[in-house]
Every structure is written in C-alpha cells, then in structure tokens.
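In what follows, a structure is listed as structure tokens, so that the remarks can point back to it.
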Amino acid sequence: MAIVDHLRSDACTTEEAIACLESSNPIVLYAAMTYLVRNHITDDSAKKALLNIRGRLSDEDKMLGFYRIGHVAMGALLKLDVPEDQVFQLDLDPLDKETAITFAASGWQ
C-alpha cells in the first residue's frame, strides 16, 4: 500500500496526511493519524480534520481490536495536547471517553 509507506516514511506533506483522514480505509487513517502525532502537527487544519472524524464510533468504524476510528482520532487529539473539553463531545458515552484516553496513553509512545 503505497500511501501507507509514504506516510510511514515521512515522505509526505502535512497537507497530504490531512487529506488521508478522509479515507475510508482504516489502515490509511491510522497511518495518517500516526504521522500527525509522530510529527506533532498541531495546526488548525489537522485539528479540524481529527475533530471531524472523532464521532466515528459505530461498528462499521472498527479499527484496532475494540477501538473505533473515533477513539483513535480522540486519542490523537489528546496526544497533540488539545484540551479535553475540545476533544470530547458533551454527549459522549463515558466508556468511549475512557477508551480514547486509554488509547492515547498506550497507542503512541
């Protein structure tokens, strides 16, 4: 998968990584989020893209084990030092919040 290799090698631009967050492929999404976290990309467009996908918590959004795309996106936002009150929606289930926090703590070292 060329795009994933591109993201993993840091050969892409920030704009390309952010564009990858529109993918429906969970492998590409994870690679793009990892790129943003690894390179500590905190510009507004990166945050906005992650905020747009943080609500993807349905069964069809399964990513890694029981983690959903939204959990990983919220975890990425936390790793990028976005305040919790901006990361978590008011109506977020407490279990989903704890899952995102757990992923942030263990997903990227």
Discussion item. Run the side chain to side chain contact (heavy atoms under 4.5 Å, CB included) test on Asp10 and Arg38 for me, step by step, so that the C-alpha distance in whole Å, both residues' side-chain angles and the decisive distance to 0.1 Å come before the verdict.
Written reply: CA-CA 9 Å; Asp10 288 339; Arg38 184 177 58 242; 2.6 Å; yes

Worksheet entry | The single option from Asp59, Asp96, Asp61 passing salt bridge (charged side-chain N to carboxylate O under 4.0 Å, His left out) against Arg68 | Asp59

Discussion item. To the nearest 0.5 Å, what is the distance between CE on Met74 and CZ on Phe103?
Written reply: 11.5 Å

Fill in: Closest approach of Ala17 to Cys12 (non-hydrogen atoms, all atoms of both residues)
CB-SG, 4.3 Å

Discussion item. Return the CD1 to CZ distance between Ile3 and Arg8, rounded to the nearest 0.5 Å.
Written reply: 11.5 Å

Worksheet item: Between Asn25 and Ser23, do the side chains contain an N or O donor and an N or O acceptor separated by less than 3.5 Å?
Response: no

Fill in: Test side chain to side chain contact (heavy atoms under 4.5 Å, CB included) applied to Thr42 and Asp81, step by step
CA-CA 8 Å; Thr42 60; Asp81 301 319; over 6 Å; no

Discussion item. Quick check on Glu60: does its CD atom have over 12 non-hydrogen neighbours (other residues, nucleotides or ligands) under 6.0 Å away?
Written reply: no

Worksheet entry | Any Thr34 side-chain heavy atom under 4.5 Å of Leu7 side chain | no

Discussion item. Measuring from atom NE2 of His71 to atom CD1 of Ile101, what distance do you get when rounded to the nearest 0.5 angstrom?
Written reply: 11.0 Å

Worksheet, complete the sentence: NZ of Lys62 to CZ of Arg56, rounded to nearest 0.5 Å, is 15.0 Å

Fill in: Ile18 and Thr13, any side-chain heavy atoms less than 4.5 Å apart
no

Fill in: Over all atoms of both residues, closest heavy-atom pair of Ile41 and Tyr35
CG1-CE2, 4.4 Å

Worksheet item: Is Val4 close to Tyr30 at the side-chain level, that is, under 4.5 Å between some pair of heavy atoms?
Response: no

Worksheet entry | Check against side chain to side chain contact (heavy atoms under 4.5 Å, CB included), Asp43 and Glu15 | CA-CA 10 Å; Asp43 65 30; Glu15 292 77 21; 5.6 Å; no

Worksheet item: Are side-chain heavy atoms of Val82 and Leu50 found at a separation under 4.5 Å?
Response: no

Item to complete: Count the heavy atoms of every other residue, nucleotide or ligand shown that sit under 6.0 Å from CD of Glu22, and state whether that count exceeds 12.
Response: no

Item to complete: Check whether any side-chain heavy atom of Ile53 lies under 4.5 Å from a side-chain heavy atom of Met33, and answer yes or no.
Response: yes

Fill in: Spatial distance of atom CG (Leu78) from atom CD (Gln86) [nearest 0.5 Å]
11.0 Å

Worksheet item: Would Leu77 and Leu51 satisfy side chain to side chain contact (heavy atoms under 4.5 Å, CB included), going step by step from the backbone distance to the final call?
Response: CA-CA 8 Å; Leu77 287 161; Leu51 288 169; 3.6 Å; yes

Worksheet item: Applying the 4.5 Å side-chain criterion to the ILVMFWY set and letting contacts propagate, would Leu95 and Tyr67 be lumped into a single cluster?
Response: no

Discussion item. Rounded to the nearest 0.5 Å, what separates atom CG in Leu21 from atom CG in Leu36?
Written reply: 5.5 Å

